[in-house]
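Below is one structure; the comments refer to it alone.
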Amino acid sequence: MSIYDSLNEQQREAVFHTEGPLLILAGAGSGKTRVLTHRVAYLIEEMGVNPWNILAITFTNKAAGEMRERVDKLVEYGAENVWVSTFHSLCVRILRREIEYIGYDRNFTIYDADDQKTLMKDVCRQVGIDTKVYKERMLLSVISSAKDEMLTPDLFEKQAGGDFNQLKIAKVYREYEKQLHANNALDFDDLLLKTVQLFETQPEILNKYQERFRYIMVDEYQDTNNVQFRLVSLLAGKYENLCVVGDDDQSIYKFRGANIKNILNFEQVFPNARVIKLEQNYRSTKTILDAANAVIRHNLGRKDKTLWTENEEGEKIHFSQFDTAYDEAEFVVGDIKKRVGSGMGTYQDYAILYRTNAQSRLFEEKFVTAGIPYKIVGGVNFYARREIKDLLAYLKTIDNGRDDLAVRRIINVPKRGIGLTTINRVQESAQARDIGFYEALQGLDLIPNIGRGASKLESFVALIEHFKLRVEELSISDLLKEIIEETGYIEVLEAEGKEEAEARIENIDELITKVVDYEDSCEEEPTLSGFLEEVALVADLDSLDENADYVVLMTLHSAKGLEFPYVYLAGMEDGLFPSYMTITADSPEELEEERRLCYVGITRAMKDLTMTCAQRRMVRGETQYNKTSRFLKEIPSELLSSGQKVGLFEKKQEEKKENPYFQAKKAFQAKPFSGASSYKSPYNSYGAGGVGFQKGKAFGTPKSGGLDYKEGDRVRHIKFGEGTVQSIVEGGRDYEVTVEFDQVGRKKMFAAFAKLKKVQ
DNA sequence: AATGCGATGCCTTAT
DNA sequence: GCATCGCATT
């Protein structure tokens, strides 16, 4: 009896085919992760491959983590030496070692979408381009595709020919690149592109990594773009032990450059490739699978395959149309409550999937009212919030003084009386001398006309220099706390006294917790660069916790790769899903991508699927009237149950305005389900300037040098709910408290920030 | 230099 | 519906 006996014939074939290129066409729910993990095990234990020589690439950190865990369980020893990583983190790891070969510093910063936009705004101003005519978003997306096609500004310009528009964009592209380089920064596309450029220009380095990664596996291969394809081809170029897994029917990222040809033409690119299809589905009921097959059948130009299952028939697919999106949300939330109440699973067995993030609002509101735990995945990334970005900008400035964007972000945050005129003068001077912004600040006397501003700038530089010295002595979390303390960041928020400020403070607490988590879980020596890098590459999805009991809400895109017993597909309306854009674009290809998205959605469900839609809903302040989605009509009616229209009339609109929840909550998501209404913070006493963190009192820990709870006590946290105190460790300037929360598990936090309250 | 106001424009989807 | 931006005010 071996671990491979539990696999079906095709799966086993895929596992045993270890040498040469292999394409696994794995339908939804056909056990591809099982195949991949078993394949790793087989390579190590049966083929004697050194774990060190195996590389597995996934798209999300979550998928990587899952695979790592499963491999660990399967393989007795050496599993930790297998590289399991996302494309982006793989590239960062390589670049951190080798990027000096192509003219960057090893402590480069990574720019996210926000940073890119800010930089682009700067670039446009400098090149003299009106951002109303050429939108930053548009420019960035053109540049992104240029990078995906591996076009340098020079090549891009050449390709533009005489086209006035293209030439202008080429100019922008050139300047954008110049500034990125000057800031020692890379954008997301660069991470991949620079790695490819590194390999293409440094054969000996390429060779090193080819030798290192003799066996390569790529998951979700249908979503790779051109650069990723190039990267994989380069790495696998020597040994060609490349195994890719994908499903052309689940290709849903064309909008960000995914090239479906990578999978459709795999056999042409690698002529001796072996192709194996996994068509048995282990996940869904017959009904669900039939519906999925019926929908996807409408797409042309797909690889021929039909998923089948031995699972039972199961329930019919539920469908209801409602008057308004309010009614829809109310029904879904009520239905989940009813079902869980009657013993159909627990909350974590339920997911609500939708096309756009904006749809989550209504559900959130209903969940809060119903007192049901929920979690919204996606939307505004935690690390994209203002307060978080501010503090990270401090860390970035300390870590990489060349990141002008970061320096300029914080130079007057919190307000220090440094105004735009002063900043511009510094900027001009820096530019004239071809040095960085921060560098210019260090030589203030060389800047003309800053008279009054000089002393303020001086103390800013002194502050940063002080932090730079402290990097050596302090842990990252202590450094962060010192930054908050010395800049008075929280004090300022506190002074605002608004509810919004309070939520921002909570987010800062959470940031500190995340730093501590990083320090604890880091495999190597924790470093500032390391933390910033991790932060730059985490998706919200990565924070999903299978052990917590909450309903999950997310977009269809985020749902790929996941499964839930009970699934609700909400907003099944023409104009929403498929989206208005794809309907009006009149391009069959885009519509097919939407259909694949629908296919992905349906196949997430294991036992039961409910589809809902509304006749009218508010979209951007306007009421929109929608017909039921064309995709719904592609499902044979014998698979559907009811289909009756349920409607509750107008009264709901009034409630909305009075609901206190609306005022309490603005942009913050993933709020406590356990205490949404008790937002009182013990911060009120705070306000006497310059209070340090070590003085716990100011932060709501009553007795100086003591806490009002001890190990074993039950406590309540504003965000995490109730839990039991596991341990209290006295750190240098604060207490480190570990709490086992009922809902979200074990968390380590600082007493000064956690504001834990004892419950009797 | 900071604040406050009205106009504007935008959201599909995300590493 | 909401955030962002430019402008005018103090």
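Chain naming here is simple, since letters A, B, ... match the order of the sequence lines and numbering starts at 1 in each.
- Within 4.0 Å of A/F59, counting heavy atoms only, lie sugar-phosphate atoms of the nucleic acid but no base atom.
- Aromatic ring orientation, A/F363 versus A/Y354: parallel (interplanar angle below 30°, classes split at 30° and 60°).
- A salt bridge between A/E563 and A/R604 is absent, with no side-chain N of the basic residue lying under 4.0 Å from a carboxylate O of the acidic one.
- Between A/R595 and the choices A/D249, A/V295, A/I252, A/T582, the side-chain contact (heavy atoms from CB on, under 4.5 Å) rule is met once, by A/V295.
- No contact: A/F87 has no heavy atom under 4.0 Å from any strand.
- In this structure, CD of A/Q250 is placed 20 Å from P of B/dT13, rounded to the nearest angstrom.
- If you take CG of A/L353 and C1' of B/dT13, they are 13 Å apart, rounded to a whole angstrom.
- Between A/K560 atom NZ and B/dT15 atom C1' there is a gap of 11 Å when expressed in whole angstrom units.
- In this structure, A/E592 does not pair ionically with A/R302, as no charged nitrogen and carboxylate oxygen lie closer than 4.0 Å.
- Within 6.0 Å of CD on A/Q126 lie more than 12 heavy atoms contributed by other residues, nucleotides or ligands.
- When the side-chain nitrogen and oxygen atoms of A/K121 are compared with OP1 and OP2 of C/dC5, one or more of them lie within a distance under 4.0 Å.
- The residue A/K135 sits close only to the backbone: its heavy atoms come under 4.0 Å of sugar-phosphate atoms, none of a base.
- A 6.0 Å sphere centred on CZ of A/R96 holds more than 12 heavy atoms belonging to other residues, nucleotides or ligands.
- Within the 4.0 angstrom heavy-atom criterion, only backbone atoms of the sugar-phosphate kind lie near A/N357; the bases stay farther away.
- The side chain of A/S558 places no N or O atom within less than 4.0 Å of a non-bridging phosphate oxygen (OP1 or OP2) of B/dT13.
- Residue A/T555 is in sugar-phosphate contact alone, with no base atom involved, counting any heavy-atom pair closer than 4.0 Å across all strands shown.
- For A/R386 and C/dC5, the CZ to C1' distance is 15 Å, given to the nearest whole Å.
- Stacking between A/F255 and the base of B/dT13 is present: ring centres sit under 5.5 Å apart and the planes differ by under 30 degrees.
- Side-chain rings of A/H298 and A/F631 stay apart, their centers remaining 6.0 Å or farther from each other.
- Nearest-nucleotide assignment on DNA chain B puts the 5′-proximal partner with A/R620, out of A/R620 and A/F188.
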List, with names and distances, any nitrogen or oxygen atoms from the protein found under 3.5 Å away from nitrogen or oxygen atoms belonging to nucleotides 2-5 of chain B.
from, atom 1, to, atom 2, distance (Å)
B/dA2, OP2, A/N412, ND2, 3.4

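- In this structure, A/E365 places its CD atom 14 Å from C1' of C/dG1, rounding to the nearest Å.
- For A/N226 and B/dT15, the CG to P distance is 20 Å, given to the nearest whole Å.
- Nucleotides C/dT4 and B/dT13 are separated by 22 Å at their C1' atoms, to the nearest Å.
- Here the side chain of A/T60 is nearest to one of B/dC10, B/dT15, B/dA14, namely B/dT15.
- Phosphate contact (OP1/OP2 of B/dT15, side-chain N/O of A/S89, threshold under 4.0 Å): absent.
- Side-chain proximity of A/R361 to the nucleotides C/dC2, B/dT15, B/dT13 is greatest for C/dC2.
- The nearest whole Å value for the distance from the OH atom in A/Y111 to the C1' atom in B/dT15 is 18 Å.
- In this structure, the NZ atom of A/K254 is 19 Å from the C1' atom of B/dT15, given to the nearest Å.
- Environment of OH in A/Y134: crowded, with over 12 heavy atoms of neighbouring residues, nucleotides or ligands closer than 6.0 Å.
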